[in-house]
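What follows is a short report on a single structure.
By convention in this document, chain letters (A, B, ...) are assigned in the order of the sequence lines, proteins followed by strands, and residues within each chain are numbered from 1. Note: hydrogens, waters and symmetry copies are ignored here, and every other heavy atom, side chains too, is used.
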Number of protein chains: 2
Amino acid sequence: MSARQVTLAEVAKQAGVSLATASRVLNGSTRQVSEELSDRVLRTAEQLGYVPNASAQALARNSSSLVGLVVHDITDPYFSCIAAGVTRVAEEAGLVVVLGTTGRRPEREVELVSTLRAHRARAIVLAGSRTTDRTAQARLAAEIDAFTEQGGRVACVSQAKLGTDTVVPGNRAGGRALARALTELGHKRFAVLAGPSELFVARDRLAGFKAGLADAGAAPPLVINGAFTRDGGYEAALELLASKSRATCVFAVTDVMAMGAMAALRERGVRVPEDMSIAGFDDIPTLRDTVPALSTVRLPLEEMGEIAAGLVLDPGGDEARTVRVAGEVVLRASTAHN
Amino acid sequence: MSARQVTLAEVAKQAGVSLATASRVLNGSTRQVSEELSDRVLRTAEQLGYVPNASAQALARNSSSLVGLVVHDITDPYFSCIAAGVTRVAEEAGLVVVLGTTGRRPEREVELVSTLRAHRARAIVLAGSRTTDRTAQARLAAEIDAFTEQGGRVACVSQAKLGTDTVVPGNRAGGRALARALTELGHKRFAVLAGPSELFVARDRLAGFKAGLADAGAAPPLVINGAFTRDGGYEAALELLASKSRATCVFAVTDVMAMGAMAALRERGVRVPEDMSIAGFDDIPTLRDTVPALSTVRLPLEEMGEIAAGLVLDPGGDEARTVRVAGEVVLRASTAHN
DNA sequence: GCGTGGCGGGAAAGCGCTTTCCAGCGCTGC
DNA sequence: GCAGCGCTGGAAAGCGCTTTCCCGCCACGC
């Protein structure tokens, strides 16, 4: 057993060249190697089944081929779509994706960045939404600094006051456009299932929505906070029903929450859209199969992942770059005229 | 810029001890170190913000803290659930998950194992279903052998004739039990949307289902092959409708395919379950929010991921272990009496 | 004819860590 | 009182690779 891994030294010896030459042939350096030797090395490497030891390369080059991807929950379609985009780009670039999940715990995010730093990752994509928690934010920023100091690159998806490259979805504008579209359907009284108030994403979408209502001269919405998950949406919807609000239309700040909310409405016999219209945000792929089809603000999630990966792999300047991605209002069957 | 990483040597020097001692303190070796020195080292490390270089450790120890996870498509809830299970266990064990996606291409799977081997991953979890393609299978087996020779461990989720540890869902038994449950509802004529015929998972579920029908004395089903995706289910359902089959109940071998099929039925005005009953397999979480709720065979997906990770991280014997996971028939609103 | 460059090849010095091996020391046991 | 043991600390040899530096060779140009 344990037929130890073939090393470069073995290949070199077998091919009758020096270690240096073998290395140059097998890993394209700037230096040229004569065709004869090059062929010989290539052939022996092939023959021996040589696979370079990535750790040794990482150590010698002081940089690895790892790209970190940090998400809250990989089963959430929002994150899995972004993950798909990131992995596609990374794999095309010959890099390897390290997946870390935080379970929405800010400390865990810091830990993950630190681990990735220990592994000398090339780059990190942070896909979770930032919070307004100052101390968590500060520790994360410190860890990110340490990482960039060391030559790593970082990009965030969604708002991030971290001075890194960022892919920013049009949360505010999307919320605003959605509000206008819904008022145009004739709705006057709204409720918002707003997620936790300390999440930037949630805040921005809410703020945009409020602004849109104001534009249209509608009354401010009833705002119900809750967890940023399906079950959070479910609970928030129950709360809404219990509140005796006279809202005719409810906006859940994520599709996932909207799904939960629809389940709650269904259970309570509230018909969508006849009794209540509902809209979400993100346009996750699973929406294709909900009934009634959910109105939402479409974000190109996979593409956002690709863009983030692109930013983080591109050498780029030292300026933090920001790519804005617009959301597009998509009205479907879950929102009716009022 | 680039305030180079703090090294062990720096910590050792600063603390006035030898490299060896510092290493022993900071990475728990078998050797003891006096409390005084130990304290001093710990303090300086803390103070300097020392983070061990994982590549160097991997090189010196000839083993890394990487665990590979190979899936076909991370946006598929089936895989993302398994991924969640695997990452949870891996992270608890202080390991780091490397995510590779194959896009269902067998060559890519081989590449990924090879990459993981280059990185001296501790272990690999292969979550995609195996195919009956002989040559692809052989190359994969060779790569896996190389990896295990080198001390790595491999586990597969779902059927795998690869001689590795395996988590085997009760595909056959589940299909059979489902068939029986459906015949008990009074259905006599069935169709199966069976996925590609070369996939073991698809074949086993189909075979079990057929056996169950036979048990109940029902006629063999109409079998329609297609892609193993939502759109494959959609297409297959259209084909079914075009076929003028008189089936009253259709079994899609995965929930994801069933979702596509339901969409097709809905579009064509076929009511579920009044005009047609439908059942899937897996019980992916997104089913919670489909209407009508889909009958299915529940598999504990996250748990399967956890088990696979457990197998692969546990030293274990040299015997290939197999853990069977039973599926449980769950009848919901999508299947009616006939 | 010989100095000058340029170019391909190899020796060897690391990269940051683990681990073996040895030295020194305080004990025990005869 | 001393051999022998167990224990802790340190020196140093790698782990497999990259890369610098040097050397020898050839083609030129004066």
Side-chain angles (χ1 to χ4, degrees), chain A residues 2-42 44-45 48-66 117-122 150-151, chain B residues 2-42 44-45 48-66 117-122 150-151:
Chain A
S2 264
R4 241 195 48 279
Q5 187 65 16
V6 181
T7 73
L8 225 211
E10 285 165 22
V11 174
K13 190 168 163 202
Q14 184 86 356
V17 302
S18 76
L19 204 54
T21 302
S23 170
R24 294 200 262 253
V25 170
L26 293 171
N27 304 289
S29 80
T30 45
R31 290 279 304 261
Q32 292 246 358
V33 174
S34 75
E35 195 159 335
E36 192 204 329
L37 291 195
S38 171
D39 269 11
R40 225 156 67 209
V41 171
L42 252 15
T44 15
L48 265 46
Y50 170 72
V51 177
N53 181 322
S55 313
Q57 289 188 315
L59 181 58
R61 295 189 178 137
N62 190 30
S63 109
S64 74
S65 56
L66 265 36
R117 178 152 76 95
H119 283 274
R120 297 297 183 276
R122 273 255 180 97
Q150 175 192 309
Chain B
S2 264
R4 239 192 52 274
Q5 187 66 15
V6 181
T7 73
L8 225 212
E10 286 165 21
V11 175
K13 188 167 163 204
Q14 185 84 356
V17 302
S18 77
L19 243 187
T21 303
S23 170
R24 294 199 262 252
V25 171
L26 295 171
N27 304 289
S29 80
T30 44
R31 291 277 304 262
Q32 291 248 357
V33 174
S34 75
E35 195 160 336
E36 191 204 329
L37 291 194
S38 172
D39 270 11
R40 225 157 67 207
V41 171
L42 252 15
T44 18
L48 266 46
Y50 170 72
V51 176
N53 181 323
S55 312
Q57 288 188 317
L59 181 59
R61 296 189 178 138
N62 190 32
S63 112
S64 74
S65 56
L66 265 36
R117 177 154 75 94
H119 283 273
R120 296 297 182 279
R122 274 260 180 96
Q150 175 191 308

Rounded distance in Å - CZ (Arg117(B)) to P (dG16(D)): 14 Å
Could you tell me the separation between the CG atom of Leu26(B) and the C1' atom of dG16(C), rounded to a whole number of Å?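 Going from Leu26(B) (CG) to dG16(C) (C1'), I get 13 Å.
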Side chain of [X] (C-beta onward), nearest among [options]:
X	options	result
Asn53(B)	dT18(D), dG10(C), dC17(C)	dC17(C)
Arg24(A)	dT8(D), dG10(D), dT20(D)	dT20(D)
Ala56(B)	dG10(C), dC17(C), dG16(D)	dC17(C)
Ala20(A)	dC17(D), dT19(D), dT8(D)	dT19(D)
Leu59(B)	dG16(C), dC17(C), dT19(D)	dG16(C)
Thr21(A)	dC17(D), dG9(C), dG9(D)	dG9(C)
Ser34(B)	dT18(D), dA11(C), dG9(D)	dG9(D)
Ala60(B)	dC17(D), dA12(D), dG16(C)	dG16(C)
Ser18(A)	dG16(D), dA11(C), dG10(D)	dA11(C)
Leu8(A)	dC17(D), dG10(D), dG8(C)	dC17(D)

Base-pair map of DNA chain D as dot-bracket, where | denotes pairing with a different strand and pairs are Watson-Crick or G-U under 3.5 Å: ||||||||||||||||||||||||||||||
So, taking the atom named CG in Asn53(A) and the one named OG in Ser64(B), what distance separates them when rounded to the nearest 0.5 Å?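 So the CG of Asn53(A) and the OG of Ser64(B) are separated by 9.5 Å.
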Euclidean distance, Glu10(B) CD relative to Leu19(B) CG, rounded to 0.5 Å: 11.0 Å
For Arg122(B), salt bridge (charged side-chain N to carboxylate O under 4.0 Å, His left out) partners two or more places apart: none
5'-most by nearest nucleotide on DNA chain C - Val51(B) or Gly16(A): Gly16(A)
Using modelled atom types only, decide if a donor and an acceptor are shared between the side chain of Gln57(A) and the backbone of Pro52(A) within a distance under 3.5 Å.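 No.
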I want to check something: taking the side chain as every heavy atom from C-beta on, are Arg120(A) and Asn62(A) in contact at a cut-off of under 4.5 Å?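 Side-chain contact under 4.5 Å: yes.
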